[in-house]
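So that the names make sense, note that chain A is the first sequence line, chain B the second, and so on, each numbered from 1.
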Number of protein chains: 2
Amino acid sequence: MTRLRHYQQIHHTLKQEIQQGVYPTGSLLPSENELCATFQTTRMTVRQALNELVRDGFIERRHGKGSLVTSTRPSLGLLSFRGFSDVVGNTSHQVRTTFLNPPAPADWPAPFVYPLSADEQQAGCIAINRLRYADDVPVMLEHTFVPIQNATASLLTEPFLDGSLFRTLSVRHQIDIRNLEQSLRAVAARPEQATIFGCRRNTPLLYIERRYLTSLPDFYVYSLLYCHTEQYAISNIL
Amino acid sequence: MTRLRHYQQIHHTLKQEIQQGVYPTGSLLPSENELCATFQTTRMTVRQALNELVRDGFIERRHGKGSLVTSTRPSLGLLSFRGFSDVVGNTSHQVRTTFLNPPAPADWPAPFVYPLSADEQQAGCIAINRLRYADDVPVMLEHTFVPIQNATASLLTEPFLDGSLFRTLSVRHQIDIRNLEQSLRAVAARPEQATIFGCRRNTPLLYIERRYLTSLPDFYVYSLLYCHTEQYAISNIL
DNA sequence: AAGTGGTCTAGACCACGCC
DNA sequence: GCGTGGTCTAGACCACTTT
């Protein structure tokens, strides 16, 4: 393990403080010069840490003003995934998530859509089945598979932070989502899916296979998503 | 118009040279120190230009080696096709594009899916209707609308560079795609679409509405995409 | 060993926002 | 006018890759 660079230390500290509410959404971080004094370094180093926070989607920089906190949860901006609460249309929609069953250890589905490493295969996974609502209309059925590791085992016993898997992984386990690969298709609703969404059989559904890449090498999270898009489109999935 | 910063000048020069083939895919850019000498500046400034090229997706930086050219065109928002037989999506498919009719001036469809400015509304648009094939199977019907401006009028008379609209805009008119907003749905194939794709009516299609944001303020490009995903899934290139 | 990019210092001046 | 972030200089040492 290579030594943590100074700017990474600063980035990590500020990220945690943002996530813990020290700097709420809409507030300003300390100025670059203040941060230089705090962390005993120069602007160049502080700026590198702040640029990382921009890339993460936590802050925006305002010339002549300061670093504005725009979000207290990770969203990686352009080359990024967006959590469901950001995905559906305008943020004015009320979003709710239910668990179809509690997160439970399971075998990997066979065959699985993504190739699995021997370690993943052997360790098994935690299966998380959730149904997302927009304005109390069921719109997304999400099957998530998290490989079982030391860090992830506690997902089985402790409730998710704010009901969010990724927020829990980030805050409690320092595992951040860095990127995703996804594959998109349109499919016809199977009977059980039609029942869940309250639509006719064979209604077109948006089907998305996702592999999330994380800050932990060789640790991936997998999701299969079925979206009922007759009333709500899915936006900004990049 | 504010003066072009030095690092922007360097970024622009290198980008053009990459696009023009001076540095082909797989080659290395001059080292930071060489670029410092060439552009009469310091590493800090050169590095900022190189970081922009990384963000654009043109190069990757290799510690101890150099700046590797990974692409001669910006990949933002492009879609790739992934056959069901592909294990990891590494398999590349032969992709071909045909024009259903030549690019022609047109009125905006009414109603249009995105709100238009008064300028856009009045200027009208160039309508481009293309059909994309993967391995000679028709997989994507793309309706693109480009507002008519001084810069874009020549799209009507000159053929596209490499058949690519975005490459033409970038190389010939210095208009780069910076970002996109998109909205996704699954819809049932209409009869004329079923004919084009050679599928049954009501086959589920992936429908994508896109607004591309460009380096030109208030200049957007719009696309409506219909994708037949029974044989080929759509992957986002991030 | 030599060359590359990665990190970092200690300054400087400029452009923007606010009072 | 003052503080902010944006740009830039001229160095330094470190870590990685190749020879």
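Salt-bridge formation is detected for the pair A/Glu32/A/Arg61: a Lys NZ or Arg NE/NH1/NH2 atom is positioned less than 4.0 Å from an Asp or Glu carboxylate oxygen.
In this structure, A/Arg61 places its CZ atom 10 Å from P of D/dT7, rounding to the nearest Å. Across the protein-nucleic acid pair, B/Leu68 atom CG and C/dT4 atom P stand 15 Å apart, rounded to whole Å. Atom-to-atom, NE2 of A/His11 to C1' of C/dG6 comes out at 17 Å; the value is rounded to the nearest Å. As a whole-Å value, the separation of B/Glu60 CD from D/dT17 P is 14 Å. In this structure, CG of B/Asn51 is placed 15 Å from P of D/dG6, rounded to the nearest angstrom. Taking atom CD1 of residue B/Ile10 and atom P of nucleotide D/dT7, one finds them 12 Å apart after rounding to whole Å. Between A/Leu29 atom CG and D/dG5 atom C1' the separation is 13 Å, expressed in whole Å.
To the nearest 0.5 angstrom, A/Ser183 atom OG is 9.5 Å from A/Ile208 atom CD1. Atom CD of A/Gln40 sits about 10.5 Å away from atom CD1 of A/Ile10, to the nearest 0.5 Å. For the atom pair A/Met140 CE and A/Leu206 CG, the distance stands at 8.0 Å (nearest 0.5 Å). Taken to the nearest 0.5 Å, the CZ atom of B/Arg172 stands 8.5 Å off from the CG atom of B/Leu155.
Inspection of the A/Tyr114 and A/Glu120 side chains reveals no N or O donor paired with an N or O acceptor under 3.5 Å.
Comparing atom distances between the B/His63 side chain and each of C/dG5, C/dT9, D/dC8 picks out C/dG5 as nearest. Looking at the side chain of B/Arg5, the nearest of the listed nucleotides C/dC8, C/dG17, C/dA15 is C/dA15.
Residue B/Met44 is the one, among A/Arg62 and B/Met44, whose nearest nucleotide of DNA chain C lies closer to the 5' end (criterion: closest heavy atom).
Taking a 4.0 Å limit (strictly below) on heavy-atom distances, residues 31-43 of chain A reaches DNA chain D at A/Ser31, A/Glu32, A/Arg43.
Taking the six-membered ring for Trp and thresholds of 30 and 60 degrees, B/Phe145 and B/Trp108 have ring planes inclined between 30 and 60 degrees apart.
Not one side-chain nitrogen or oxygen of B/Tyr7 sits closer than 4.0 Å to the OP1 or OP2 atom of D/dC8. Side-chain nitrogen and oxygen atoms of B/Gln48 include none within less than 4.0 Å of the OP1 or OP2 phosphate oxygen of D/dC8.
Contacts of A/Arg47 with the nucleic acid, taken as non-hydrogen atoms under 4.0 Å apart, include base atoms.
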